[in-house]
Amino acid sequence: PGSAAEAWRGAGWTEAVAAAADALQAGGLVAVPTDTVYGVACLAQDSAAVRSIYSLKGRNGAKPLAICLGDVERLYRYCHVNVPDELLRDLLPGPVTLVLERSEELNKDLNPFTSLVGVRIPDHPFIRELAQACPGPLALTSANLSAQGSTLSVLEFQDLWPHLSLVVDGGPIGDLQSPECRLGSTVVDLSVPGKFSIIRPGCALTPTVEILKKKYGLVPESS
């Protein structure tokens, strides 16, 4: 803890988590703060909601959505893991998306064109509590139209508000003036045993690669 989110914890926190969980379970899309940029979430197991999130972004269905979970334990239900549990816990929660083999449990309509799935456990108390309050994983994408910049405050994605059931304002994330903050999470593919490949450098590249190489001896996959 000690993140900016702690500052607004308390007044209305529990109500906000409950309202967001209700909106998600009713099939809605909810904007939420994460540890990197603002995101839009829906229930990953709700195919109609997944379609809504694609049309909201104006993106084609071939660009995958990540799933967001509240804790590492739940990850084993939706993914086949071939790295040590300790490695997962060294990187998660944090600003990293781990790409793993998906399990049969995950909704077939979510990213149907790939056997892999990106998993996020953001280091942000609100979205983690929200994920824990929901029955299955959240599908998560950044709160912006495809090809536009990622957003660090709720005003920056005002054009999406009319399409959302709820917008949770966690205040500005990071430093609005710093371009690094808009990079989003570092995306790393861990689906090949003993190897890793960086899909998107993101905001946590150096520490992530250091952990994978030095501590766990994983080898970068030649692209």
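Both backbone and side-chain heavy atoms feed into the values below; hydrogens, waters and symmetry mates do not.
Here the closest heavy-atom approach between residue Val17 and residue Ala133 is recorded as CG1-CB, 4.3 Å. Shown here for Leu183 and Cys203, the closest heavy-atom pair between the two residues is CB-N, 4.0 Å. Smallest separation of non-hydrogen atoms from Pro122 and Pro93: O-CB, 3.7 Å. For the residue pair Thr34 and Gly39, the shortest heavy atom distance occurs at CG2-N, 4.3 Å.
In this structure, His80 and Leu100 have side chains that are not in contact, with every pair of non-hydrogen atoms separated by 4.5 Å or more. Between Val168 and Pro33 the shortest side-chain heavy-atom distance falls below 4.5 Å. Residues Glu129 and Thr14 fail the side-chain proximity criterion, which asks for heavy atoms closer than 4.5 Å. For the pair Leu130 and Leu24, the minimum side-chain heavy-atom distance is below 4.5 Å.
Counted by atom type alone, Arg200 and Thr97 present zero donor-acceptor pairs between their side chains at under 3.5 Å. Side-chain N/O atoms of Asn144 and Tyr38 include no donor and acceptor closer than 3.5 Å.
In this structure, the side chain of Asp85 does not engage the main chain of Leu88 through any donor-acceptor pair within 3.5 Å. Side chain of Thr36 to backbone of Pro95: no donor-acceptor contact under 3.5 angstrom is found. The main-chain N or O of Ser142 is found under 3.5 Å from a side-chain atom of Lys57 such that the two form a donor-acceptor pair. Not a single donor-acceptor pair under 3.5 Å links the side chain of Trp161 to the backbone N or O of Leu155.
Counting heavy-atom neighbours within 6.0 Å of Lys214 NZ, excluding the residue itself, gives a total of 12 or less. Other residues, nucleotides and ligands contribute at most 12 non-hydrogen atoms within 6.0 Å of the CD atom of Glu104.
Taking the charged nitrogens against the carboxylate oxygens, Arg182 and Glu156 do have a contact shorter than 4.0 Å, which makes a salt bridge. Between Lys215 and Glu86 there is a salt bridge, since a side-chain N of the basic residue sits under 4.0 Å from a carboxylate O of the acidic one.
Between Phe126 and Trp13, the ring planes are perpendicular. Angles over 60° get that label, and only those under 30° would be called parallel.
Taken to the nearest 0.5 Å, the CG atom of Leu98 stands 10.0 Å off from the CG atom of Asp189.
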Q: For the pair Arg51 and Asp46, evaluate salt bridge (charged side-chain N to carboxylate O under 4.0 Å, His left out) and give the outcome as yes or no after the intermediate values.
A: CA-CA 9 Å; Arg51 284 193 292 277; Asp46 179 339; over 6 Å; no

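Grouped with Val187 in one hydrophobic cluster are Val99, Leu116, Ile199, the linkage being side-chain heavy-atom contacts under 4.5 Å among Ile, Leu, Val, Met, Phe, Trp and Tyr residues.
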